[in-house]
Amino acid sequence: MGGLVADESRARGHEPVLLARSTGVDLTTGAGLDHALNGADAVIDVANVNTLNADASTAFFGKATRTLLAGEQRAGVARHVALSILGVDLAPFDYYAGKRAQEVAIEAGSVPWTILRAAQFHEFAQQIYATAKAGPLHLAPKMRTQPIAGREVAARLVDLAESPARGGYVELAGPREESLVDMVRRWAHSRGHRGWIPAVALPGALGKAQRDGTLLPRDGAELGSETFTAWLERTHN
Ligand SMILES: NC(=O)c1ccc[n+]([C@@H]2O[C@H](COP(=O)([O-])OP(=O)(O)OC[C@H]3O[C@@H](n4cnc5c(N)ncnc54)[C@H](OP(=O)(O)O)[C@@H]3O)[C@@H](O)[C@H]2O)c1
């Protein structure tokens, strides 16, 4: 998402500065932060930690968010835009516990803010294919989702960073509901995978929320336009 946001920002004539450990900025320690934020008008936070554990996720998003907001305050940054996920308030479990902690830290902070709660990206199918494995077997978690193209999310994040802070949430999903199992299988098939990909029900409260529709968009959510099928065709090389 960071790459898509940077591309979109440049296309609109902005000069994005990338904050990542690979560019010398660590949001958990604050190393390199003041230099990177010098002169910034707005910050779009799409940092992430790869964990399913609630404590690890909460520790990362809590620390990184508070460190980033403190740096923004020192630098006089006018707007903080963060990317969250649809339904984290209704299912603050496992990884989502950290995303909700991120939202709470932003609400409690003093930098004017807008939070975009997005549905799963179409690219999520590829991420799941790469990471949800049991030995050599790829797995497809059962989930009701209304996914959206990553580039539509990036465009909305840049819109929000260009606009006055709302002090509130914007919800964004794709044009139609999909099954994550179908998405993973179709992505894998389009990339030449021919083996069996079993559907699995993830345990626990987050797994239940994924299956029962809790994470689908609510009334009033904005909807993007590119379907998963169209995205699959566009990105197939
Ligand atoms: N995937 C989805 O379907 C989905 C849906 C809705 C919302 N989201 C949200 O979108 C956001 C981005 O997701 P993504 O899939 O693009 O994540 P990603 O590919 O894992 O990228 C995470 C980025 O965070 C940086 N980062 C990690 N630790 C850092 C640290 N300590 N200091 C500074 N930078 C750090 C990484 O760069 P370095 O490694 O170089 O530090 C990397 O650029 C996440 O917050 C996620 O919750 C995702």
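Only this structure's heavy atoms are used, side chains among them; waters, hydrogens and symmetry mates stay out. It should be emphasised that the depicted structure is a prediction, and the values quoted were computed from it without experimental measurement.
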Student: What pairs with Ala40 under side-chain contact (heavy atoms from CB on, under 4.5 Å), at least two apart in sequence or on another chain?
Tutor: Val77
Student: Report the residues that fulfil side-chain contact (heavy atoms from CB on, under 4.5 Å) with Ala165, sequence neighbours left out, ordered by chain and then residue number.
Tutor: Arg79, Pro112, Thr114
Student: Verify the cluster assignment for Leu139 and Phe124: are they in a single hydrophobic cluster under the rule of side-chain heavy atoms below 4.5 Å apart?
Tutor: no
Student: Between Arg191 (side chain) and Trp187 (backbone), is there a donor-acceptor pair under 3.5 Å?
Tutor: no
Student: Could you see if Val25 belongs to whatever hydrophobic cluster contains Val49? Use Ile, Leu, Val, Met, Phe, Trp, Tyr and a side-chain cutoff under 4.5 Å.
Tutor: no
Student: Who clusters with Leu86? Use side-chain heavy atoms, under 4.5 angstrom, across I, L, V, M, F, W and Y, and order the result by chain and number.
Tutor: none
Student: Met143 and Ile197: same hydrophobic cluster, using ILVMFWY side-chain contacts below 4.5 Å?
Tutor: yes
Student: Just checking, is any N or O donor in the side chain of Ser84 or Glu103 under 3.5 Å from an acceptor N or O on the other one?
Tutor: yes
Student: Can Lys142 and Asp182 be counted as an ion pair, charged N to O under 4.0 angstrom?
Tutor: no
Student: Looking at Arg186, is its backbone amide N or carbonyl O close enough to the side chain of His193 to form a donor-acceptor pair, meaning the two atoms are under 3.5 Å apart?
Tutor: no
Student: Sequence neighbours excluded, which residues qualify as side-chain contact (heavy atoms from CB on, under 4.5 Å) partners of Glu107?
Tutor: Arg100, Trp113, Tyr169
Student: Return each pair, listed once, that meets salt bridge (charged side-chain N to carboxylate O under 4.0 Å, His left out) where at least one residue sits in residues 15-38; pairs must be two or more places apart or across chains.
Tutor: Asp34-Arg74
Student: Is it true that Arg10 and Glu8 make a salt bridge, defined as a side-chain N closer than 4.0 Å to a carboxylate O?
Tutor: no
Student: Test: salt bridge (charged side-chain N to carboxylate O under 4.0 Å, His left out). Region: residues 143-154. Which pairs qualify, not counting sequence neighbours?
Tutor: Arg144-Glu177
Student: Do Leu202 and Tyr129 share a hydrophobic cluster, counting only Ile, Leu, Val, Met, Phe, Trp and Tyr and linking them when any side-chain heavy atoms are less than 4.5 Å apart?
Tutor: no
Student: With sequence neighbours left out, what residues match His189 under ring-ring contact (aromatic ring centres under 6.0 Å, His included)?
Tutor: none
Student: We want to know whether Asp212 and Thr214 form a side-chain donor-acceptor pair, criterion being a heavy-atom distance below 3.5 angstrom.
Tutor: yes
Student: Check the hydrophobic clustering (I, L, V, M, F, W, Y; side-chain heavy atoms under 4.5 Å; chains of links allowed) and say if Trp231 and Val184 are grouped together.
Tutor: yes
Student: Hydrophobic side-chain clustering at under 4.5 Å (ILVMFWY, transitive links): who's grouped with Leu52? Put none if nobody.
Tutor: none
Student: If you link ILVMFWY side chains whenever their heavy atoms are less than 4.5 Å apart, which other residues fall into the same cluster as Ile44? By chain and number, please.
Tutor: Met1, Leu4, Val5, Val46, Val81, Leu83, Leu116, Phe121, Ile148, Val153, Leu157, Val158, Leu160, Val170, Leu172
Student: For His122 and Glu178, test the side chains for any donor-to-acceptor distance below 3.5 angstrom and give the result as yes or no.
Tutor: no
Student: Would you tabulate the side-chain donor-acceptor contacts of residues 56-64 under 3.5 Å, counting partners in other chains and residues two or more places apart, or write 'none'?
Tutor:
unit_1 : atom_1 : unit_2 : atom_2 : d
Ser57  : OG     : Tyr95  : O      : 2.7
Ser57  : OG     : Gly98  : N      : 3.4
Thr58  : OG1    : Ala54  : O      : 2.7

Student: Output all residues satisfying side-chain contact (heavy atoms from CB on, under 4.5 Å) with Thr131, sequence neighbours left out; order by chain, then residue number.
Tutor: none
Student: For the backbone of Gly150 and the side chain of Glu123, can you confirm whether one donor and one acceptor N or O come within less than 3.5 Å of each other?
Tutor: yes
Student: Taking the side chain as every heavy atom from C-beta outward, state whether His236 and Ser190 have any pair of such atoms under 4.5 Å apart.
Tutor: yes
Student: Please say which of Val111, Leu37, Leu19, Val17 ends up in a side chain to side chain contact (heavy atoms under 4.5 Å, CB included) with Val43.
Tutor: Leu37
Student: With a cut-off of 3.5 Å and sequence neighbours excluded, list every side-chain donor-acceptor pair involving residues 87-94.
Tutor:
unit_1 : atom_1 : unit_2 : atom_2 : d
Asp89  : OD1    : Arg218 : NH2    : 3.2
Asp89  : OD2    : Arg218 : NH1    : 3.3
Asp89  : OD2    : Arg218 : NH2    : 3.4

